[in-house]
Amino acid sequence: MLTLEGRTAVITGAARGQGAETARLFARLGARVVLGDIRDDLGETVAAEIGDAALYTPLDVTDESRWAAAVDIALDAFGGLDILVNNAGIFRSMPLRDESPEAFESTLRINLVGPFLGIRAVREPMIRAGGGSIVNISSIAGLTGIARTGGYGASKWGLRGLTKVAALELGEYGIRVNSVHPGIIDTPMVEGIAPPAGPGNHPGVALRRTGLPQDVAGLVAFLASDASAYLTGAEIAVDGGSTAGRAPAVTPTA
Ligand code: NAP
């Protein structure tokens, strides 16, 4: 059985989507959770729903001073910091010819520099605690090239690489660092882009459905827990098999 009993986590982008679902699951597994986001009203609501085990703090991941504040809240209110989930992100889709340098850079700043600042912020407290787990939410766009995702894909490939470097540098302190690569997951981020979540036509997805936030939260909880104690520097797809190869368009009947 997975447990996060006695652990404290900071989760970014936790006001909605996968981050909110991960916060809910962590609390059910016994963790205390600091939720950070830029959508303050939504974040406060999710934290209030979870109850005493959760606190919300405004955390723009590009702002180093807000990272320091989030770490202080975890230490002061919950007495420790064992888990960081670098989940906040933005998605922009356009061909390279239409992507301005400013848009490209701002995507990198949120999706890649943000997690870098997070890793820097938790490094010392986790070393003092004797270890920890950092989970970086990349994407299948960080495992393979996907057209029309220039800045987004670059940020997610970058986060996959940063994960390896951090795993190598922090392993001696008992800090594990892994990346998670979701396929299409039914959240507000992909509203109007993703196929409907129910059964239907999901070309290329072996499991023939869009993913749910719970699908990602389960993997993140595993990586945050001692069940994955010997796992670091790994990259794990949670994508219904969409990067496994080519799924047949029609299931053979004989
Ligand atoms: P979501 O529903 O849009 O939630 C992401 C949250 O992060 C939003 O509340 C967003 O606020 C917030 N955020 C944006 N910029 C931020 C910043 N600078 N600081 C702090 N928070 C910020 O997205 P999701 O689908 O749950 O995605 C979570 C992660 O999974 C992202 O890293 C995403 O790239 C990755 N992912 C998602 C999918 C998918 O299909 N959903 C697939 C692969 C990977 P705003 O809404 O105001 O931007």
Side-chain angles (χ1 to χ4, degrees), residues 10-25 34-47 56-67 69-70 84-93 103 105-118 121 134-144 146 148-160 162-163 179-197 202 204-205 209-220 223 235-240 242-243:
V10 171
I11 304 177
T12 67
R16 65 181 205 179
Q18 294 170 37
E21 197 54 37
T22 301
R24 291 187 192 102
L25 178 60
V34 176
L35 295 86
D37 206 292
I38 50 174
R39 290 183 176 261
D40 297 342
D41 291 349
L42 267 184
E44 295 280 9
T45 304
V46 175
Y56 175 79
T57 187
L59 171 55
D60 179 339
V61 295
T62 66
D63 180 346
E64 203 163 7
S65 67
R66 291 309 309 165
W67 272 110
L84 167 65
V85 184
N86 273 316
N87 166 79
I90 60 160
F91 176 69
R92 292 191 176 111
S93 173
E105 264 186 34
S106 82
T107 302
L108 284 185
R109 178 130 195 96
I110 295 166
N111 293 2
L112 182 55
V113 179
F116 163 73
L117 294 177
I134 299 173
V135 183
N136 293 326
I137 308 298
S138 175
S139 165
I140 55 170
L143 291 175
T144 185
I146 299 180
R148 306 171 73 92
T149 65
Y152 185 77
S155 72
K156 295 302 189 180
W157 277 81
L159 187 52
R160 177 183 171 199
L162 179 65
T163 299
S179 62
V180 164
H181 300 261
I184 296 178
I185 309 295
D186 187 22
T187 72
M189 177 179 272
V190 295
E191 227 165 59
I193 307 171
H202 299 280
V205 183
R209 67 171 177 87
T210 295
L212 298 171
Q214 299 90 295
D215 294 318
V216 179
L219 172 58
V220 176
L223 290 173
E235 52 199 49
I236 305 183
V238 50
D239 65 351
S242 60
T243 51

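Note: hydrogens, waters and symmetry copies are ignored here, and every other heavy atom, side chains too, is used. Just follow the structure's listing: the first ligand is 1, and inside any ligand the first atom is 1.
Note that the CG atom of Leu35 and the CG atom of Leu59 stand 10.5 Å from one another [nearest 0.5 Å].
Where the criterion is an N or O separation shorter than 3.5 Å, residue side chain and backbone included, Asn87 meets it with respect to ligand 1. Taking any N or O of Val61, backbone or side chain, at least one lies under 3.5 Å from an N or O belonging to ligand 1. Among the atoms of Ile110, none of the N or O lies under 3.5 angstrom from an N or O of ligand 1.
Residues Pro195 and Thr210 share a closest heavy-atom pair of O-OG1, 3.2 Å. Contact between Val180 and Pro182 at its shortest, heavy atoms only, is O-CD, 3.4 Å. Across Arg209 and His202, no two heavy atoms sit closer than the pair CA-CD2, 3.4 Å. Among all heavy-atom pairs drawn from Asn111 and Ala88, the shortest one is OD1-O, 4.4 Å.
Taking a 4.0 Å cut-off on heavy atoms, Ala141 fails to register as neighbouring ligand 1. Residue contacts with ligand 1: Ala20 is excluded, as none of its non-hydrogen atoms falls under 4.0 Å. Contact between Gly114 and ligand 1 is absent, with no heavy atom of the residue lying under 4.0 Å from the ligand. In this structure, Lys156 is part of the shell of residues with a heavy atom less than 4.0 angstrom from ligand 1. Contact annotation: Leu59 has at least one heavy atom less than 4.0 Å from an atom of ligand 1.
Residue-level proximity to ligand 1 for Gln18 is carried by backbone and side chain together, each with a heavy atom below 4.0 angstrom. Only the backbone of Ser138 comes within 4.0 Å of ligand 1, judged by heavy-atom distances.
Of the protein's heavy atoms, Ile38 CD1, 3.6 Å lies nearest to atom 16 (C) of ligand 1. In this structure, the protein non-hydrogen atom closest to atom 3 (O) of ligand 1 is Arg16 NH2, 2.8 Å. Of all protein heavy atoms, the one closest to atom 12 (C) of ligand 1 is Asp37 OD1, 3.5 Å. Annotation: atom 24 (P) of ligand 1 to nearest protein heavy atom, Thr187 OG1, 3.5 Å. Summary of contacts: the protein heavy atom closest to atom 21 (N) of ligand 1 is Ala88 CB, 3.5 Å. Of all protein heavy atoms, the one lying nearest to atom 47 (O) of ligand 1 is Arg39 NE, 3.1 Å. Nearest protein heavy-atom contact of atom 40 (O) of ligand 1 is Ile185 N, 2.9 Å. In terms of protein heavy-atom proximity, atom 23 (O) of ligand 1 is nearest to Met189 CB, 3.4 Å.
Below 4.0 Å from some heavy atom of Ile137 lie the following atoms of ligand 1, by number and element: 29 (C), 30 (O), 32 (O), 35 (C). Close contacts of ligand 1 with Ile184, meaning ligand atoms under 4.0 Å from a residue heavy atom, involve 40 (O). Atoms of ligand 1 found under 4.0 Å from any heavy atom of Tyr152 (numbered from 1 in listed order, with element): 33 (C), 34 (O), 35 (C), 36 (N), 43 (C), 44 (C). Atom numbering of ligand 1 starts at 1 in the shown order; those under 4.0 Å from a heavy atom of Gly13 are 6 (C), 7 (O). Per-residue contacts place Asp60 under 4.0 angstrom from the following atoms of ligand 1 (heavy atoms of the residue considered): 17 (C), 18 (N), 19 (N).
Here Asp60 does not pair with Arg109 in a salt bridge; the nearest charged N to carboxylate O distance is not below 4.0 Å.
Defined by atom type and a distance below 3.5 Å, a donor-acceptor pair is present between the side-chain atoms of Asp40 and Tyr56. In summary, the side chains of Arg66 and Thr57 do present a donor paired with an acceptor at a separation below 3.5 Å, with no hydrogens or angles considered. With no hydrogens or angles considered, a side-chain donor-acceptor pair links Thr243 and Asp239 at under 3.5 Å. Of the N and O atoms on the side chains of Thr149 and Arg92, not one donor lies less than 3.5 Å from an acceptor on the other residue.
If you run side chain to side chain contact (heavy atoms under 4.5 Å, CB included) between Ser155 and each of Ile110, Leu108, Val113, Ile90, only Leu108 comes through.
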Margin query: side chain to side chain donor-acceptor pair (under 3.5 Å) for Thr163 and Asn136? Distances and angles first, verdict last.
Written below: CA-CA 7 Å; Thr163 299; Asn136 293 326; 2.9 Å; yes

Checklist line | Worked check of side chain to side chain contact (heavy atoms under 4.5 Å, CB included) between Ile185 and Gln18 | finding: CA-CA 8 Å; Ile185 309 295; Gln18 294 170 37; 3.6 Å; yes

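For Glu105, the CD atom counts as loosely surrounded, since its 6.0 Å shell holds 12 or fewer non-hydrogen atoms of other residues, nucleotides or ligands.
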